[in-house]
Amino acid sequence: MKFDLDTAWKDTMGLLSRNIGLLAVLAGVFFFLPYAGFMIAVPEMGAMQSAQAGGDFEVVMAAVTELYLEYWWVFLLLALIQGVGLLGMLALVRRRANPTVGEALATGARSVPSYIAAQLLQTALIVIVATLLLTVAALTGLNALAVLGGIIAFVITCYIVTKLSLAAPVIAIEGQLNPVKALQRSWSLTRGNSMRLFLFYLLLTVAFIVVSAVVSLVLGLVFALAGEQGALLGEAIVSGLLNAVMIVLMVCVMAAVHTQFSRLTSAPQPDADD
């Protein structure tokens, strides 16, 4: 049996409509407020975004590196807070026994070390594979092969991210706290449906980028009328709001996809290659 995009979207909307109130509150507490507060408190964030708008890769990398070196502890704290929020919301919408908000957040707190470990392992895998491909291509000295190596590395990165995208719901919903087994479970669940799942993620990502760009442009113009300080405050609010909306949608998508794949793998089906 194959992953059905239409069913996944309907399940996503169903989860969203049934849990929108609680998810909005949790997203506001764990994502909107920390992100917007960081944007307001750290003026370097504005400089980094200006560098990104300029399109100079070296300037952007220098700004990002400087920001992470100076505020690494803040990013770590944000990762922990948002990890608890993400896993808690996943447990709230799909974990069995209908947990309360407090129980769901407790699940998130217990699970966040496993989630962060899984993310680090996934990142390490991507870095190793991409570095190996790019190094081999560069050693040939041929520009065409170097470009081809970069394209292959990008494709493989997308493949790995797609295959391991269900690690968070496996941890939060199934209760698998071993990060290696959680990644293995995600890989196994998506077997035979990687391209369909990637297409689903791609369509949602493109749609969200378009909508968020329009919203940012409109609201940015409104806040710009209040002057420079108003524009900075508005940018923080809009960025935090879009971040929270993205997380709510992502939680419902991951929960819906995980549910469908759990149904598919529990039913007898022939072997299929990715």
Visitor: Keeping the roles fixed (side chain from Asn243, backbone from Ser239), state whether a donor-acceptor pair exists under 3.5 Å.
Guide: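 Flag not set: sc Asn243 to bb Ser239 has no pair under 3.5 Å.
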Visitor: Quick one: which residue pairs count as a salt bridge (charged side-chain N to carboxylate O under 4.0 Å, His left out) with a foot in residues 11-27, not counting sequence neighbours?
Guide: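 Salt bridge (charged side-chain N to carboxylate O under 4.0 Å, His left out) check on residues 11-27 returns Asp11-Arg263.
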Visitor: Assess the residue pair Phe261 and Asn193 against the criterion (side-chain contact (heavy atoms from CB on, under 4.5 Å)); give the C-alpha distance rounded to whole Å, side-chain angles, the decisive distance to 0.1 Å, and a yes or no.
Guide: CA-CA 9 Å; Phe261 275 123; Asn193 288 286; 3.6 Å; yes
Visitor: Judged by atom type as modelled, is there a donor-acceptor pair below 3.5 Å linking the side chain of Gln260 to the main-chain atoms of Thr7?
Guide: no
Visitor: Once you round to the nearest 0.5 Å, how far does CZ of Arg191 lie from CG of Leu264?
Guide: 13.0 Å
Visitor: Please lay out, stage by stage, how Phe198 and Leu202 fare under the test side-chain contact (heavy atoms from CB on, under 4.5 Å).
Guide: CA-CA 6 Å; Phe198 173 74; Leu202 180 63; 4.2 Å; yes
Visitor: Closer than 3.5 angstrom, by distance alone: can the side chain of Lys2 be matched with the main-chain N or O of Arg196 as a donor-acceptor pair?
Guide: no
Visitor: Take Leu105 and Leu26 through the test side-chain contact (heavy atoms from CB on, under 4.5 Å) and record every step on the way to the result.
Guide: CA-CA 9 Å; Leu105 292 179; Leu26 293 177; 4.2 Å; yes
Visitor: So which heavy atom on Val170 is nearest to which on Ala182, and how close?
Guide: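 Where Val170 meets Ala182 most closely, the heavy atoms are CG1-CA, 3.9 Å.
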Visitor: For a 4.5 angstrom cut-off between non-hydrogen side-chain atoms, does Phe31 reach Val248?
Guide: no
Visitor: Whether the side chain of Glu174 engages the backbone of Gln176 through a donor-acceptor N/O pair (distance < 3.5 Å, no angle test) should be reported.
Guide: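 No: the side chain of Glu174 does not pair with the backbone of Gln176.
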Visitor: Looking only at heavy atoms, which two atoms of Leu133 and Ala153 are closest? And how far apart?
Guide: CD1-CA, 3.8 Å
Visitor: Can you name the nearest heavy-atom pair linking Pro99 to Ala104, along with the distance?
Guide: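 Between these two residues, the closest heavy atoms are CB-N, 4.2 Å.
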Visitor: Can you find a side-chain donor-acceptor pair between Arg110 and Thr107 that sits under 3.5 Å?
Guide: yes
Visitor: Hey, quick one: are Leu217 and Val245 part of the same hydrophobic cluster, counting side-chain heavy atoms closer than 4.5 Å, chains of contacts allowed?
Guide: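 In one cluster: no.
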Visitor: Would you confirm whether Thr131, through its side chain, and Val127, through its main-chain N or O, come within 3.5 Å as a donor-acceptor pair?
Guide: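 The answer is yes, because a donor-acceptor pair under 3.5 Å joins these two groups.
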Visitor: Would you compute the distance between atom CG of Leu23 and atom CD1 of Ile247 and round it to the nearest 0.5 angstrom?
Guide: 11.5 Å
Visitor: Side chain of Ser17, backbone of Gly14: donor and acceptor closer than 3.5 Å?
Guide: yes
Visitor: When rounded to the nearest 0.5 angstrom, what is the spacing between NZ in Lys10 and CG in Asp4?
Guide: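 Rounded to the nearest 0.5 Å, the NZ-CG separation comes to 8.0 Å.
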Visitor: Minimum heavy-atom separation for Leu164 to Leu125, with atom names?
Guide: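 Between these two residues, the closest heavy atoms are CD1-CD2, 4.4 Å.
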Visitor: Using side-chain contact (heavy atoms from CB on, under 4.5 Å), reason through Asn19 and Val251 one step at a time and then give a plain yes or no.
Guide: CA-CA 11 Å; Asn19 301 279; Val251 164; over 6 Å; no
Visitor: Answer yes if Leu132 and Ile151 sit in the same cluster of Ile, Leu, Val, Met, Phe, Trp and Tyr residues linked by side chain heavy atoms under 4.5 Å apart, and no otherwise.
Guide: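 Leu132 and Ile151: separate clusters.
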Visitor: For a quick test of reading the model, state the closest non-hydrogen atom pair linking Ala168 to Tyr115 and the distance between them.
Guide: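 Minimum heavy-atom separation between Ala168 and Tyr115: CB-CE1, 3.8 Å.
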Visitor: Given side chains that start at C-beta, do those of Gln122 and Val161 come closer than 4.5 Å, heavy atoms only?
Guide: yes
Visitor: What are the two closest heavy atoms between Gln82 and Phe30, and how far apart are they?
Guide: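 Result for this residue pair: CG-O, 3.3 Å.
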Visitor: Are Leu249 and Ile20 joined in one hydrophobic group, where the rule is that I, L, V, M, F, W and Y side chains link up if heavy atoms are under 4.5 Å apart?
Guide: yes
Visitor: Could you check whether any side-chain heavy atom of Ser216 comes within less than 4.5 Å of a side-chain heavy atom of Leu242, counting everything from C-beta outward?
Guide: yes
Visitor: Treating Thr190 as the side-chain partner and Ser186 as the backbone partner, does any N or O pair qualify as donor plus acceptor under 3.5 Å?
Guide: yes
Visitor: Once rounded to the nearest 0.5 Å, what's the spacing between atom OG of Ser188 and atom CG of Leu183?
Guide: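 Answer rounded to 0.5 Å: 12.5 Å.
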Visitor: To the closest 0.5 Å, what do you measure between CG (Leu77) and CZ (Phe38)?
Guide: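 Here the interatomic distance stands at 10.5 Å.
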Visitor: Identify, with sequence neighbours excluded, every residue that meets ring pair (Phe, Tyr, Trp, His ring centres under 6.0 Å) alongside Phe200.
Guide: Phe3
Visitor: Can you find a heavy atom in the side chain of Met246 that is under 4.5 Å from one in the side chain of Phe208?
Guide: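 When only atoms from C-beta onward are counted, Phe208 and Met246 do touch, with a gap below 4.5 Å.
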Visitor: Quick check: is Leu86 connected to Tyr201 through a chain of hydrophobic side chains (ILVMFWY, heavy atoms under 4.5 Å apart)?
Guide: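 In one cluster with Tyr201: Leu86, yes.
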Visitor: Checking side chain to side chain contact (heavy atoms under 4.5 Å, CB included) against Ser111, which of Ile173, Val84, Ile171 comes through?
Guide: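 Exactly one candidate clears the test, Ile171.
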Visitor: Is it the case that the side chain of Ser165 and the backbone of Thr162 share a donor-acceptor pair, with hydrogens and angles ignored and the cut-off at 3.5 Å?
Guide: yes
Visitor: Look at the side-chain heavy atoms of Ile, Leu, Val, Met, Phe, Trp and Tyr, link any pair under 4.5 Å apart, and say whether Val180 and Trp187 land in one connected group.
Guide: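 Val180 clusters together with Trp187.
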Visitor: Taking the side chain as C-beta and beyond, is there a heavy-atom pair between Met89 and Val93 under 4.5 Å?
Guide: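 Sidechains of Val93 and Met89: no contact.
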Visitor: Rounded at 0.5 Å granularity, tell me how far CG in Leu15 sits from CE in Met254.
Guide: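 Nearest 0.5 Å value for the CG-CE distance: 11.5 Å.
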Visitor: Any sub-3.5 Å donor-acceptor pair from Thr265's side-chain atoms to Ser262's backbone N or O?
Guide: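 Side chain of Thr265 to backbone of Ser262, a donor-acceptor pair under 3.5 Å: yes, one is there.
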Visitor: Below 4.5 Å, heavy atoms only, C-beta onward: do Met39 and Glu235 meet side chain to side chain?
Guide: yes
Visitor: Could you tell me if the side chain of Leu5 sits less than 4.5 Å from the side chain of Leu203, heavy atoms only?
Guide: yes
